[in-house]
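If you're wondering where the values come from, they're calculated on a predicted model, not measured in any experiment. Worth knowing before you read on, the calculation uses all heavy atoms, side chains too, and leaves out hydrogens, waters and symmetry mates.
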Number of protein chains: 2
Amino acid sequence: MVGSDTAGGRATIYDIAKLAGVNPSTVSRALGHQPGVSVETRKLVEDAAAQLSFRVSPLARALPTGRTGTVGLIVADITNPSYFDMIRGAQSAAAARGLTLVLAESSESGSTESVVAQRIQPSTDGIILASPRMSDPEIRELNKAKPVVVINRSVEGIESVVPDIEPGIRDAVRHLAANGHTRFAFLAGPGQSWISARRWDSFREACEWAGRTAQPIPTLAPTLEGGRRAAGEVLASRATAALCYNDLLAIGLMRELQAAGVKVPDEFSVVGFDNIFGSDFTTPTLTSIASPFKECGATALQRLLASRQGTEGSPHGVRSTPLRVSPMRTTLIVRGSSGRLLAPST
Amino acid sequence: MVGSDTAGGRATIYDIAKLAGVNPSTVSRALGHQPGVSVETRKLVEDAAAQLSFRVSPLARALPTGRTGTVGLIVADITNPSYFDMIRGAQSAAAARGLTLVLAESSESGSTESVVAQRIQPSTDGIILASPRMSDPEIRELNKAKPVVVINRSVEGIESVVPDIEPGIRDAVRHLAANGHTRFAFLAGPGQSWISARRWDSFREACEWAGRTAQPIPTLAPTLEGGRRAAGEVLASRATAALCYNDLLAIGLMRELQAAGVKVPDEFSVVGFDNIFGSDFTTPTLTSIASPFKECGATALQRLLASRQGTEGSPHGVRSTPLRVSPMRTTLIVRGSSGRLLAPST
DNA sequence: CTGAAAGCGCTTACAG
DNA sequence: CTGAAAGCGCTTACAG
């Protein structure tokens with residue numbers, strides 16, 4: 001509070017240079033913690049900077065260097081609770097490195113996503129796409145200009161962070177099998193969903209391995225309502241347990257079953273996916289397979305920074321195999337909606 | 001796909017100028033949709049731009065103009081569901097105007113908030129603070145450099161967007177009174193919370209007006225656990241209905257009451273606040289007072305842009321009274337957790 | 001270790 | 001209507 005501010009306009013390195021009696025380039029070096037500045041000069045500059053409460057302009061810095069100090073994150077739907085932890089993971093990893101996170105939304109549309117990505121790309125050092133709706137070629141095209149990392153999808157030639165769903169699904173099947181269930185249903189996600197296909201594949205395998213049968217059941221939408229509507233077909237399938245593509249489907253299914261007089265979990269077990277916010281609000285609380293979304297977000301950011309260093313100029317992060325980072329395993333969270341089968345449903 | 005790209009480096013207006021055979025300044029004007037460019041020239045420039053798949057650099061544009069095309073939004077906690085709609089409202093309002101939204105988090109800390117705000121301010125056209133933790137003077141200081149709008153708080157001299165809680169609270173009191181309740185409890189939020197104090201004030205007034213008694217009950221934290229812990233005191237107060245500072249408290253309270261054998265809503269009615277995601281996952285579903293958070297986010301953005309225009313140079317958006325935008329009323333969402341009192345709790 | 005100069009990609013008075 | 005020039009606030013070779 002010693003005089004400070006030029007009321008309104010921010011101080012520039014020129015103001016500091018004048019006050020400290022040095023050249024602007026020296027100010028730049030001193031403040032950039034570059035080597036080759038004498039201790040006295042650095043002190044002089046820092047004092048002047050503090051006195052003028054100087055704050056570097058990230059924009060002005062970005063222009064000559066190309067380093068914006070900003071990374072973009074594009075999600076399909078900001079209010080989808082599955083993304084919360086991902087956003088948070090990326091956001092805090094960014095903040096920890098003094099980077100700024102730009103959050104954008106594609107509204108579940110591939111074309112919007114593409115437009116948004118192109119718009120924010122110039123002012124970022126790279127972009128993270130969470131469960132992208134864009135086509136593989138579009139993503140690769142984007143990756144030519146600046147590094148791209150995708151979460152929850154595998155794209156040839158692009159850095160990819162995908163949680164390993166197998167452990168969680170295997171544990172779920174074991175858990176259900178151990179509790180007397182033999183016929184399983186899978187409430188599927190959207191038909192084109194890469195993730196839904198992966199989850200079903202993995203579930204089917206795990207069931208086969210356990211000597212159980214699994215039947216896929218389509219849904220109208222991955223929502224509460226979609227889960228409700230599927231309840232009839234689930235019962236008709238004579239399954240006594242269902243794994244659902246996501247928690248909303250699971251909750252919808254559970255409520256409709258209960259409304260139809262089916263006791264959960266005594267007569268039917270329900271397992272969701274993603275362990276979203278609120279999955280413990282239900283009665284009974286929902287058993288769910290949790291993905292390490294927060295870690296996915298943080299890891300994606302880390303990979304982005306890594307590939308930012310490596311290949312400059314040429315396409316970034318070139319590698320043919322998607323990454324499957326070992327600590328990012330899914331986990332089964334057993335709660336109240338799954339358990340021993342008491343009365344066979346026939 | 002006609003030749004395009006200089007493989008790697010983006011095209012600049014100089015490339016366009018060369019290709020179109022005009023001066024870069026003309027390119028700038030043509031692409032900026034400025035008046036005073038002949039139709040032919042404009043066409044020429046646009047074709048060249050398309051051919052080079054030109055995309056203007058927002059950074060380079062921001063430097064001479066000061067217009068960054070970016071607005072900042074700082075929330076205390078990204079994963080707090082109360083903010084989801086606010087974020088979404090601001091995000092879509094920004095996107096609709098071709099603006100980019102930078103999302104940052106303060107981790108509930110006033111000092112972090114201040115640091116973050118200062119860091120992102122230079123690369124924004126202004127900042128929205130949602131339920132800020134900073135002090136009033138700090139916020140005013142920030143507002144000197146670029147416009148600031150606060151949501152959910154009133155700060156002298158700062159544009160402020162606060163939902164009108166009165167309608168929702170009044171309706172809740174009426175609803176409960178009409179259902180035979182006479183003694184009410186209020187589960188309070190954090191002691192320093194501006195919002196909690198407002199909600200309690202309004203609730204007390206509404207109760208007085210309806211000739212009912214209201215008793216405030218402190219909580220340890222605005223969480224499920226905080227709600228659970230308060231259940232004993234609520235019962236001891238001999239209230240038969242509670243309004244809670246937020247939905248998490250309400251859900252925690254409801255579950256603990258149910259665990260203690262109290263029937264909801266037959267013996268006790270619970271009303272939450274904010275109508276968060278998942279408040280309809282509970283059994284019974286939660287009655288809650290919904291705030292128009294999405295509109296708050298959108299309105300805040302709108303105000304920010306408005307004050308960006310007005311007073312340039314001098315402190316922005318100077319007005320002594322906080323805004324209370326009329327359409328932003330709270331609404332009571334009646335669900336299953338509130339209703340007619342059947343068996344008085346004594 | 002420090003200074004003087006050029007340049008990042010735009011915009012915008014100022015001339016013509 | 002169009003061009004030439006200066007400048008936004010930095011960084012970074014290039015000299016010394």
For A/Arg119, side-chain contact (heavy atoms from CB on, under 4.5 Å) partners two or more places apart: B/Thr100
Which atom of A/Gly297 lies closest to which atom of A/Ile128, heavy atoms considered: O-CD1, 4.5 Å
Donor-acceptor under 3.5 Å (B/Thr299 side chain, B/Glu295 main chain): yes
Side-chain (A/Arg153) to main-chain (A/Pro132) donor-acceptor, under 3.5 angstrom: yes
Any donor-acceptor pair under 3.5 Å from B/Asn143 side chain to B/Val148 backbone: yes
Salt bridge (charged side-chain N to carboxylate O under 4.0 Å, His left out): pairs with one or both residues in residues 30-49 of chain B, sequence neighbours excluded: B/Lys43-B/Asp47
Dot-bracket summary - DNA chain D, pairs being Watson-Crick or G-U whose distances fall under 3.5 Å, with | when paired to another strand: |||.||||||||.|||
Contact pattern, 5' to 3', of nucleotides 4-11 of chain C - B, S or - by protein heavy atom under 4.0 Å: B--BBBBB
Salt bridge (charged side-chain N to carboxylate O under 4.0 Å, His left out) pairs, two or more places apart, involving residues 103-115 of chain B: A/Arg88-B/Glu105, B/Glu108-B/Arg133
Contacting residues from residues 37-45 of chain B, given that a heavy atom lies under 4.0 angstrom of DNA chain C: none
Side-chain donor or acceptor of A/Gln121 paired with backbone N/O of A/Leu142 under 3.5 Å: yes
Rounded distance (Å) that lies between atom P of D/dT2 and atom CG of B/Leu31: 14 Å
Electrostatic pair B/Asp15-B/Arg10, nearest N-O below 4.0 angstrom: no
Residue pair B/Ile127 / B/Ala117: nearest heavy atoms and the distance that separates them: CD1-O, 3.5 Å
